[in-house]
Structure formats: C-alpha cells, structure tokens
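Inspection log for the structure reproduced underneath, given as structure tokens.
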Amino acid sequence: MTLIKVKDFYKIYQMGLTEVRALNGVTMEIQENEYLAIMGQSGSGKSTLMNLIGCLDTPTSGDYYLDGVNVALMSDDELAMIRNKQIGFVFQTFNLLPKSSALRNVELPLIYSGIYSKEERMKMALIAIEKVGLGDRMHHKPNELSGGQRQRVAIARALVNNPAIILADEPTGNLDSKTGVEIMSLFDELHKIGHTIILVTHEDEIAKHAHRTIHLVDGKISKDENIK
Amino acid sequence: MYFFLENLRISITELWGNKTRSFLTAIGIVIGIVAVTLMSTLITGVDNLFDKSMSFLGRDVVYVEKYPWIMGDDYWLMRNRPQIDLEMASKIKAQSNYALVVAKERGRNGDVTYGKQSAESIFVHGVSTNYPLVSPIEIADGRFFTESENRARSQVLVLGYEVAENLFPNENPIGKEVFLRSHRFRVIGILKKMGKLMGAFSLDTQVILPVDSYEKIFRTQWGMRRISIKVPESEMDNAIEELTGVIRVLRGLKPSEKTNFAINQQKAFEQQYSMIKMAIGGTGLVITIMSLIVGGIGIANIMFVTVKERTREIGVRKALGARRNIILGQFLMESVMITGAGGVGGLLIASILSYVINAFVFPAQMSFAVGFMAIALSTFVGVVAGWTPARKAADLDPIEALRYE
C-alpha cells in the first residue's frame with residue numbers, strides 16, 4: 001500500500017536577488033513497511049525533503065499525500081497534529097528534554113495527542129521504552145544515560161504514538177561506530193515488526209541497512225535503487 | 001483544562017529549576033503587591049479610626065480657643081494672643097442666636113491618688129455643668145455634678161474609665177475620697193469606656209470636676225481653656241460667622257484689627273484627614289505602579305531569555321505535535337506563575353505587616369477584596385509581561401528552532 005506520495009515538490013528560497021531551488025521537482029512514492037535511505041551531499045536538498053516529509057515545512061508547490069490525505073496545504077496547527085499522530089522523529093542530536101526522565105520524554109507525544117489518562121499514557125510509554133530495551137533505565141534523566149541509551153529513548157519517543165513513519169535524521173551521527181551499529185540493528189528490528197522507516201544520511205554504511213536508497217543531487221532525484 | 005494542568009506542571013518544574021532567577025524576578029511584584037495591599041489596609045484603618053475619633057468631637061460643636069487646631073508656620077504670630085476668658089461664655093450665650101449650649105472647659109495634667117494607688121499624669125478636666133451636652137461622655141455609674149455643686153466649688157469629681165480601674169481595682173469608687181493636689185475629692189460618678197482620640201489622646205484617663213472647683217485648686221493661667229458651643233449642625237458656617245462677630249465685639253476689637261482667637265470645628269480635621277489619606281493613597285499608588293511596571297519589565301526580560309534558552313526545546317515540542325496555543329499557554333503560564341507567586345508572597349508579607357500594625361499601632365484589617373484584587377493584579381501583570389515572549393515562542397519555526405545551538 002502506498003503510504004507517501006510526493007508529486008512535483010518544489011521548495012524555492014529567495015536569498016536577496018538570487019533564487020535558491022532547494023527542491024527542484026521531486027516526485028516519489030514510499031510504500032508501507034519500506035526501509036528507505038535518502039542520501040546526498042550537504043546542499044543536495046535532503047534536509048529540505050526530510051522536513052517536508054516530516055510535515056515540519058510546506059512546499060512552495062507540489063502535493064504531498066500522506067496515507068491518502070493531501071497535507072501540503074495544511075495550517076501549522078493541522079500539521080502539528082499530523083506530526084504528532086503520523087510521524088516519529090529521531091534526531092542526530094537526540095533532542096530529549098534534559099530535565100525530564102526517560103519515561104517523561106517518551107510520554108511527551110501522548111500528552112500532545114490529548115490522551116488524558118495518565119495511566120494510559122504511562123502504559124503506552126512503558127511498552128515503547130521496553131521495545132528499545134531500556135526498561136531498567138526509564139527513571140533516569142538524559143544526562144545520566146549514554147549516547148546510545150539517549151538515542152534509544154528518542155526512538156521510543158518516536159514509536160510511542162504508533163506513527164505511520166519513523167523519520168531518522170543522521171541517527172548515528174553523534175555516536176561511536178559500535179553504538180551506531182546497535183542503534184541501526186534496532187531500526188532493522190523495528191522494520192521487521194512492520195514499521196516504515198526513512199533514514200536521512202550521507203554515510204553509505206548506514207544506508208546499507210535500508211532496502212532502498214534515493215540519491216539527491218541539486219534538489220532532484222538522481223538515483224532511486226532497491227538494494228535488497 | 002488538561003493542557004492547563006500539563007503547562008502548570010512544566011512551569012513549576014522550570015521555575016523550581018531556576019529558583020534564584022525566579023525569586024529575583026518576582027521581587028518587583030512582591031514590592032508592588034505589598035505597597036498596594038498595605039496602602040488600602042492603612043487607609044481603611046485610618047478611616048475607621050477617624051470615624052471613631054470624630055464621634056468624640058461632635059459634628060455640631062465649635063470650640064473657641066487661642067490657637068487653631070491645624071497650624072502652619074504662623075504659631076509665632078499667634079503666641080501673643082490673649083487667653084480665652086471663660087467668663088465670656090454667658091455673654092456669648094446671651095448675644096448669639098445660634099449658640100444652643102455654651103460650655104466652659106479647662107484642663108491640665110495632674111496626679112490622683114487613693115490610698116496607695118495613684119494615677120499619674122492624667123488629664124484633670126474642669127468643666128461647666130452643661131458639659132455633657134457638648135461632649136459624648138456618658139455616665140456608667142453614679143452621677144454628674146450639679147450647678148449648685150459647681151457654684152459651691154464642691155470637691156467632687158467624675159472618674160474616667162481607666163482611672164477608676166486603676167485606682168479601684170476591687171472596690172466601688174462611688175463615695176470614696178481621692179486626693180488631687182492634696183485636696184480631698186469625693187467620687188460621685190464613673191464614665192463609660194470611650195477609647196482613644198486618633199489613637200493617641202485617651203478620653204478614659206481623665207477626671208472631670210466642676211470648673212469653679214478647678215479654678216480654686218489651680219490658680220494658674222496655664223493649661224487648656226476653651227469655650228465649647230453647640231450650634232445647629234445645618235447652620236455651622238453662619239454660626240461661626242456670627243460667633244466670630246460676637247466674640248470680636250466682646251474683646252473690643254476694632255474692624256481693622258485681626259481676629260485674635262480661633263473657632264475650631266471637626267471639619268478642619270476632616271480636611272487634614274483627607275490630605276493624609278490622599279498622601280498615603282498617592283504614595284502607595286506611585287510605589288505600586290512603579291514597582292509593577294519595573295517588575296513587569298523584568299519578567300518580560302527574563303521570559304525573553306527563557307524563550308531564547310529553550311528554543312531547542314520549543315522546536316522539539318513542536319516537532320512532537322505541540323500546537324501553537326499550547327506553547328503560548330506554556331510560557332504565559334510560566335510568566336503568570338512568577339507574578340502569581342510574587343503576589344502571594346506580597347500578600348503574605350502585607351498580612352504580617354497588617355497584623356503588626358493592628359497589634360501595635362491602630363486597628364487595621366486586610367480585607368478579602370484587597371487580597372483578591374492583589375492576586376488579580378499580579379496575574380494581569382504576568383499576562384501582560386509574558387504575552388510578547390510567549391507569542392515569540394509560539395511563532396517559532398520548528399525547523400529553525402530545532403537547528404538552534
């Protein structure tokens with residue numbers, strides 16, 4: 001089933017007198033339970049594409065059907081709801097709230113979904129945090145956790161609302177290579193149990209975990225290949 | 001409600017995490033709230049006191065005296081005025097159309113003793129028999145003296161409430177003999193408890209005796225002397241004008257000569273009083289407005305810093321699905337929490353101060369309405385001060401915010 005359908009995506013920034021075409025006509029489809037890596041040099045437009053797929057931004061022109069709904073023209077608040085329900089973000093720098101425990105961090109998206117029962121939220125957060133193997137550390141604050149553990153918390157937070165897509169932006173960029181491998185095998189597992197995963201990376205090693213890679217050059221898709 | 005509670009939780013955590021900063025930020029508000037609550041408490045206190053005090057003076061009585069009650073720098077011009085001659089009283093009564101009752105009063109401090117008990121430095125008050133008609137005093141026990149006792153210069157007196165309590169802790173004073181300036185006086189009456197005039201001069205620490213007996217004992221010119229005249233309340237101004245004329249004639253003043261006595265009335269106090277009230281109110285208001293403005297600016301400032309510091313956090317929250325209004329609410333809540341805490345702190349300090357004033361200075365109670373107003377005011381300042389920073393946070397672009405280092 002087609003989960004994401006991007007059609008003629010343009011993102012044009014006006015920098016003074018010059019026009020910068022960050023995305024210059026991108027069209028693609030992503031199926032449910034795909035494991036996809038978006039690759040490209042910096043400036044290739046991969047971050048812009050990720051932001052658009054993640055509903056953090058809207059295109060200058062083009063359509064974006066997410067699960068059959070065109071989200072390209074939605075208001076900021078509507079996009080916030082889409083992000084909350086349909087997309088789980090994993091960032092290079094983890095982006096956990098430093099003063100909150102691991103469990104509280106994982107609970108956060110549920111608060112914004114309006115799940116009013118604390119008990120219900122805790123139950124869901126616990127399931128997510130156990131999925132990433134951090135059940136014994138859930139009451140620790142981020143600064144009491146290692147980099148790998150922090151990224152696991154971030155992944156649990158991305159999972160907790162059971163989103164359609166998990167969107168990971170250089171998820172191993174701040175980790176040593178051994179920990180990076182651990183985190184990638186966690187993504188492999190999540191893919192196996194049915195999640196759709198989109199990685200944004202410039203590292204071939206990371207991209208190898210994916211089953212399909214899309215290469216971007218100058219805001220256009222230069223190569224779209226299935227690896228496995 | 002749900003997001004309200006969630007934001008409340010976040011705010012408390014954040015403010016608690018920055019205790020010193022939150023505390024310092026709230027001080028301005030604390031001062032403002034203390035100023036405004038204390039001001040209104042003081043005004044109410046002074047109001048009560050004044051109303052009570054004024055009932056001692058009588059709205060329909062004017063007092064002919066050497067000096068006016070409210071004096072400026074002109075004391076030196078008045079000190080050579082002649083003493084009030086109490087013998088004018090009967091002539092005033094005869095010549096004035098307005099004077100209903102004309103009473104004589106003299107007084108000075110003295111000691112009264114009974115056996116080993118003594119009441120020192122109390123007010124010895126010599127008055128004419130009609131004095132009760134121009135004064136609010138009431139007899140609790142016994143009686144007032146009669147005109148024949150006055151004429152006979154009888155050595156009788158009426159005790160003020162506190163004097164009676166001190167001299168006769170366990171006895172009925174009526175009929176007992178006390179000493180005043182080594183003269184033997186018989187107690188014929190006791191006054192009801194009166195309280196204090198403007199919180200200072202107590203009407204309960206006096207003894208009242210016939211004015212003629214007073215003059216027999218105290219031969220000096222020294223001490224208070226005045227003529228108290230009851231006039232129709234509605235004709236106060238006309239009465240004062242007429243009485244001024246009558247007394248000028250009695251004193252033989254030529255039209256070119258200045259009036260060399262004063263006719264005092266309660267109104268003079270009222271004017272003085274409303275000036276005091278305005279001074280308290282004005283000072284309080286200025287302090288309040290200044291400190292709330294300065295405090296509010298401080299809070300706005302610290303909120304801008306907070307928003308800046310937590311740009312990344314705002315980005316994360318937005319990425320995870322926080323809507324604009326939730327972010328707005330979160331930072332508004334934080335600002336209101338600071339001012340609210342400042343308001344509560346200010347109220348607490350003000351109520352302690354009110355309690356101290358009430359216990360040691362004069363009756364002053366903080367009203368519920370004032371407390372409510374203080375909290376409402378500090379909340380208002382919080383919303384106003386926090387509005388722009390909170391809007392800035394709510395309007396942040398999530399991508400920019402997430403990238404912020």
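So you know, we letter chains A, B, ... as the sequences are listed, proteins then strands, and number each from 1.
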With a 4.5 angstrom heavy-atom cut-off, could you sort out which part of [X] is near chain B: side chain, backbone, both or neither?
{"X": "A:Asn95", "answer": "both"}
{"X": "A:Leu110", "answer": "backbone"}
{"X": "A:Leu56", "answer": "both"}
{"X": "A:Phe89", "answer": "side chain"}

For residues [X] and [Y], is any side-chain donor paired with an opposing acceptor at under 3.5 Å?
{"X": "B:Glu309", "Y": "B:Thr306", "result": "no"}
{"X": "A:Glu34", "Y": "A:His191", "result": "no"}
{"X": "B:Arg317", "Y": "A:Tyr112", "result": "yes"}

Over 60° means perpendicular and under 30° means parallel, so tell me whether A:Tyr64 and A:Phe9 are parallel, tilted or perpendicular.
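Taking A:Phe9 first and then A:Tyr64, their aromatic rings stand perpendicular (interplane angle over 60°).
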
Select one option (side chain, backbone, both, neither) describing which atoms of B:Arg310 are under 4.5 Å from chain A's heavy atoms.
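Contact with chain A: none, neither part.
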
Side chain, backbone, both or neither: which part of B:Arg324 has an atom under 4.5 Å from a heavy atom of chain A?
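The answer is both parts of B:Arg324.
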
Under the salt bridge (Lys or Arg N to Asp or Glu O under 4.0 Å) criterion, do A:Lys11 and A:Asp57 qualify, and how do the steps go?
CA-CA 10 Å; A:Lys11 187 71 185 179; A:Asp57 203 358; 3.3 Å; yes

salt_bridge(A:Lys123, A:Glu119) N-O dist < 4.0 Å
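Between A:Glu119 and A:Lys123 there is no salt bridge, as every charged N stays at least 4.0 Å from the carboxylate O atoms.
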
Top contributor to chain B contacts, counting heavy-atom pairs under 4.5 Å, from A:Ile111, A:Leu96, A:Asn84
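Greatest number of close heavy-atom pairs with chain B: A:Ile111.
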
With a 4.5 Å cut-off on heavy-atom pairs, point out which of B:Ile326, B:Leu402, B:Thr13 contacts chain A the most.
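Looking at each of B:Ile326, B:Leu402, B:Thr13 in turn, B:Leu402 comes out on top.
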
